[in-house]
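In what follows, every chain begins at residue 1, and chains take the letters A, B, ... in the order their sequences are listed.
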Amino acid sequence: EPEVTQTPSHQVTQMGQEVILRCVPISNHLYFYWYRQILGQKVEFLVSFYNNEISEKSEIFDDQFSVERPDGSNFTLKIRSTKLEDSAMYFCASSASGVYQETQYFGPGTRLLVL
Amino acid sequence: AQTVTQSQPEMSVQEAETVTLSCTYDTSESDYYLFWYKQPPSRQMILVIRQEAYKQQNATENRFSVNFQKAAKSFSLKISDSQLGDAAMYFCAYRSRGTSGSRLTFGEGTQLTVNP
């Protein structure tokens, strides 16, 4: 069964450093998403991406965040200058086009720790 | 903006018994989707079941079923014949139907413990 994959599974970085989180969505999916979950809190939407552009973003997704689909398979989230409060689990998700587009399938997450 | 509320931070059930997890939501939209996701200790988000708001029939997936009450804006999850592997955090989520690529809005989650 196809699944969303994410790398790395864990990342530790120093405050102020740039990090890139990578995702490989399900191959025939066209909509891509990033969510984050701070430990003990609910899952929060960051951004959605379709047709090589951002279709929606939340108030959390400020100028320090960016997303990119550099090739036909990868979808990345870049945090330009990490802060302590960026420590969280980051989930990538994807959904298909057409009638099934409403169901988002999640990857296993990247656990980011900013020191 | 839509909100999702799960008022039960923790629930427990005996193995083989039935448990119901509650979820309420607030929206001014008439057409939308509702989901239950499961998050085991590995923290991966796994889709359990989905419901289209325009369908009156409650969704079922094997031992999992929902009680969707649109007028009351309630969407509860029933787990029958509970198994040890059902132990996890369960999140209720809402998605608008009208816009492609719309966000999921999650509730706070309910931690389910299954006792042997």
Undergrad: Would you compute the distance between atom NZ of Lys42(A) and atom OG1 of Thr5(B) and round it to the nearest 0.5 angstrom?
TA: 7.0 Å
Undergrad: If you count heavy atoms of other groups shown closer than 6.0 angstrom to CG of Asp62(A), is the number above 12?
TA: yes
Undergrad: Can you confirm whether more than 12 heavy atoms, excluding those of Lys70(B), are under 6.0 Å from its NZ atom?
TA: yes
Undergrad: Under a single-linkage definition using a 4.5 Å side-chain heavy-atom cutoff for Ile, Leu, Val, Met, Phe, Trp and Tyr, are Leu84(A) and Leu112(A) assigned to the same hydrophobic cluster?
TA: yes
Undergrad: Calculate, to the nearest 0.5 Å, the distance between atoms CG and OH belonging to Leu47(B) and Tyr105(A) respectively.
TA: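 It comes to 6.0 Å.
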Undergrad: Between the main-chain N or O of Leu104(B) and the side-chain N or O of Tyr33(A), is there a donor-acceptor pair closer than 3.5 Å?
TA: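 Checking the backbone N and O of Leu104(B) against the side chain of Tyr33(A), no donor-acceptor pair under 3.5 Å is found.
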Undergrad: Would you say Val24(A) ends up clustered with Leu77(A) if hydrophobic residues are merged whenever their side chains have heavy atoms under 4.5 Å apart, either directly or through other cluster members?
TA: no
Undergrad: Are Phe91(B) and Trp36(B) connected in the hydrophobic side-chain network, where two residues link if heavy atoms are under 4.5 Å apart?
TA: no
Undergrad: Using side chain to side chain contact (heavy atoms under 4.5 Å, CB included), reason through Leu39(A) and Arg43(B) one step at a time and then give a plain yes or no.
TA: CA-CA 10 Å; Leu39(A) 187 64; Arg43(B) 295 189 72 185; 3.9 Å; yes
Undergrad: Drop me the distance from Phe106(B)'s CZ to Tyr35(A)'s OH, to the nearest 0.5 angstrom.
TA: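 Going from the CZ atom of Phe106(B) to the OH atom of Tyr35(A) covers 5.5 Å.
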Undergrad: Grab the two heavy atoms, one from Gln44(B) and one from Phe91(A), that are nearest each other, plus how far apart they are.
TA: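 Closest approach of Gln44(B) to Phe91(A): CA-CE2, 4.3 Å.
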Undergrad: Kindly check if the number of other-residue, nucleotide or ligand heavy atoms within 6.0 Å of CD (Gln57(B)) is above 12?
TA: no
Undergrad: Is there a side chain to side chain contact (heavy atoms under 4.5 Å, CB included) between Phe35(B) and Thr103(A)? Walk through the geometry before answering.
TA: CA-CA 8 Å; Phe35(B) 303 86; Thr103(A) 300; 3.8 Å; yes
Undergrad: Counting only non-hydrogen atoms closer than 4.5 Å, does Gln6(A) touch chain B with its backbone (N, CA, C, O), its side chain (CB onward), both, or neither?
TA: neither
Undergrad: Could you see if Tyr90(A) belongs to whatever hydrophobic cluster contains Ile20(A)? Use Ile, Leu, Val, Met, Phe, Trp, Tyr and a side-chain cutoff under 4.5 Å.
TA: no
Undergrad: Counting C-beta onward and ignoring hydrogens, is there a side-chain heavy-atom pair between Gln104(A) and Tyr33(B) closer than 4.5 Å?
TA: no
Undergrad: Got a sec: does the CG of Asp63(A) have more than 12 other heavy atoms crowding it under 6.0 Å?
TA: no
Undergrad: Rounded to the nearest 0.5 Å, what separates atom CE in Met45(B) from atom SG in Cys92(A)?
TA: 13.0 Å
Undergrad: What part of Gln39(B) gets within 4.5 angstrom of chain A, counting heavy atoms only: side chain, backbone, both, or neither?
TA: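 Looking at Gln39(B), just its side chain touches chain A.
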Undergrad: So which residue, Gln37(A), Met89(A), Gln41(A), ends up with the most heavy-atom pairs under 4.5 Å with chain B?
TA: Gln37(A)
